[in-house]
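Working notes, beginning with the structure itself.
Whatever order the structure lists them in is the order used to number ligands and atoms, beginning at 1.
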Amino acid sequence: MLVCGCYAQTSPKDVLKIEGVAYVCGTGGKMKLAEAALELLRESEKEPVCAVTNVFLEPFERMTVEHAPRTRAYVKIEDGCSCRCTYCAIPLARGSVRSKAPADVLTEVARLAAGGSREVVLTGIETAAYGEDLGNTHLIDLLEMLDKREDTPRIRLGSLSPELVRPDFITRFAKLHTAVPHLHLSMQSGSDNVLRGMRRRYNTAMALASLRALREAIPNVQFTTDLMVGFPGESDADFEETLAFCREARFLDVHVFAYSRRPGTVAADMDGQVPESVKRERSARLIAEKNKIREEILSSVVTEGKPLSVLFETKGKDGWLGHTDSFIEVCVPSEENLSGEIAEVVPIATENGILYGQLK
Ligand code: SF4
């Protein structure tokens with residue numbers, strides 16, 4: 001068995017002890033995995049090999065996607081993170097920020113578009129930090145480069161830290177034709193006390209101001225986020241602030257998750273660890289709130305009645321499912337094969353977080 005990834009990077013000795021493990025390479029050296037597998041097949045009696053390297057000294061590993069589905073393809077543009085959020089073990093496993101060269105990103109996106117992919121999601125460990133290691137090229141510069149090319153499909157950004165969204169970013173982002181009007185801003189909490197404890201680099205007032213400015217600049221923009229409950233020291237009052245923040249921010253969707261201790265992180269040893277029963281109760285309340293807000297947003301889209309641009313992905317039991325550019329999930333009953341098609345849909349109803357509509 002060959003093992004790679006974050007746990008293998010941070011705990012290679014533990015992984016080597018697992019029965020059947022023959023090779024461990026962590027988060028670097030993945031390009032050599034096939035070669036290592038062939039070597040192991042040739043010498044079946046070999047001792048387990050630890051090929052884990054110091055990830056803080058590794059350059060960006062130039063892995064590219066050659067073929068992808070007609071619908072949505074993912075291009076990794078960045079690895080590593082220079083932040084030190086107190087709950088997160090990722091920087092230990094992924095090292096510092098390393099970015100894919102802009103020319104490589106442009107080539108990869110063009111190849112995927114030529115292969116039929118209708119949407120490309122740019123991802124990374126800390127995508128907002130793209131270019132930190134490149135000098136003068138930042139994420140917005142890369143988006144503008146993509147926007148200038150005729151062959152660029154819909155571009156969606158993976159999870160972003162809210163501090164990226166500053167006035168200059170908003171002005172330039174609003175002018176792009178290929179970037180979709182949807183941002184996933186990873187808030188983590190709606191309480192300033194908790195954000196300070198997490199060592200996040202923004203507060204709720206900054207985030208709300210950014211959302212307002214983006215809504216003014218891009219009227220149909222939608223936002224999604226991640227919110228963690230039960231961070232050490234999160235009081236009932238802090239959690240109520242997160243609920244209030246959620247109501248004001250009006251996210252289309254929220255990924256709600258409970259804090260879990262990661263060995264080696266600052267938060268793992270903090271006082272005020274929150275009991276699991278409290279985390280469960282807070283998760284349930286936050287999920288109920290975000291579902292209510294989602295239904296309100298979808299109902300307003302139905303009332304407005306404006307046609308939506310939908311990329312269809314799969315066939316469900318009630319019809320073809322896809323997402324609008326602003327990431328609203330849509331279902332359309334149709335006998336046609338809509339897989340990979342982008343079509344205009346008139347919204348007619350909403351149920352259980354899905355918008356139902358008909359082809360225009
Ligand atoms: S949570 Fe995100 S920004 Fe913070 S350290 Fe982890 S990867 Fe970096």
* Do the non-hydrogen side-chain atoms of Ile125 and Pro91 ever get within less than 4.5 Å of each other? ->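 Counting from C-beta outward, Ile125 and Pro91 never come under 4.5 Å.
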
* Leu252 versus Arg294: any side-chain heavy-atom pair under 4.5 Å? ->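 Yes; the side chains approach each other to less than 4.5 Å.
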
* Asked: Side chain of Thr137, backbone of Leu134: donor and acceptor closer than 3.5 Å?
  ->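 Side chain of Thr137 to backbone of Leu134: no pair is present.
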
* To do: Could you list which atoms of ligand 1 come closer than 4.0 Å to a heavy atom of Tyr87?
  =>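 Matching atoms, with element in brackets: 1 (S).
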
* Determine, step by step, whether Phe251 and Phe223 satisfy the ring pair (Phe, Tyr, Trp, His ring centres under 6.0 Å) criterion, reporting the C-alpha distance in whole Å, the side-chain angles of both residues, the deciding distance to 0.1 Å, and the verdict. => CA-CA 5 Å; Phe251 296 105; Phe223 303 102; 7.1 Å; no

* Around atom 4 (Fe) of ligand 1, what protein N, O or S atoms are found below 2.8 Å? ->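 Within the sphere that stays under 2.8 Å of atom 4 (Fe) of ligand 1, the protein atoms of type N, O or S are Cys85 SG.
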
* Asked: For Phe173 and Ala179, which heavy atoms make the closest approach, and how far apart are they?
  ->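 That would be CE1-CB, 3.7 Å.
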
Quick one: side chains of residues 326-337, donor-acceptor pairs under 3.5 Å with protein atoms, not counting sequence neighbours, listed by atom name and distance.
| from | atom 1 | to | atom 2 | distance (Å) |
| --- | --- | --- | --- | --- |
| Ser326 | OG | Thr324 | OG1 | 3.0 |
| Ser334 | OG | Glu336 | N | 3.2 |
| Asn337 | OD1 | Ser339 | N | 3.1 |

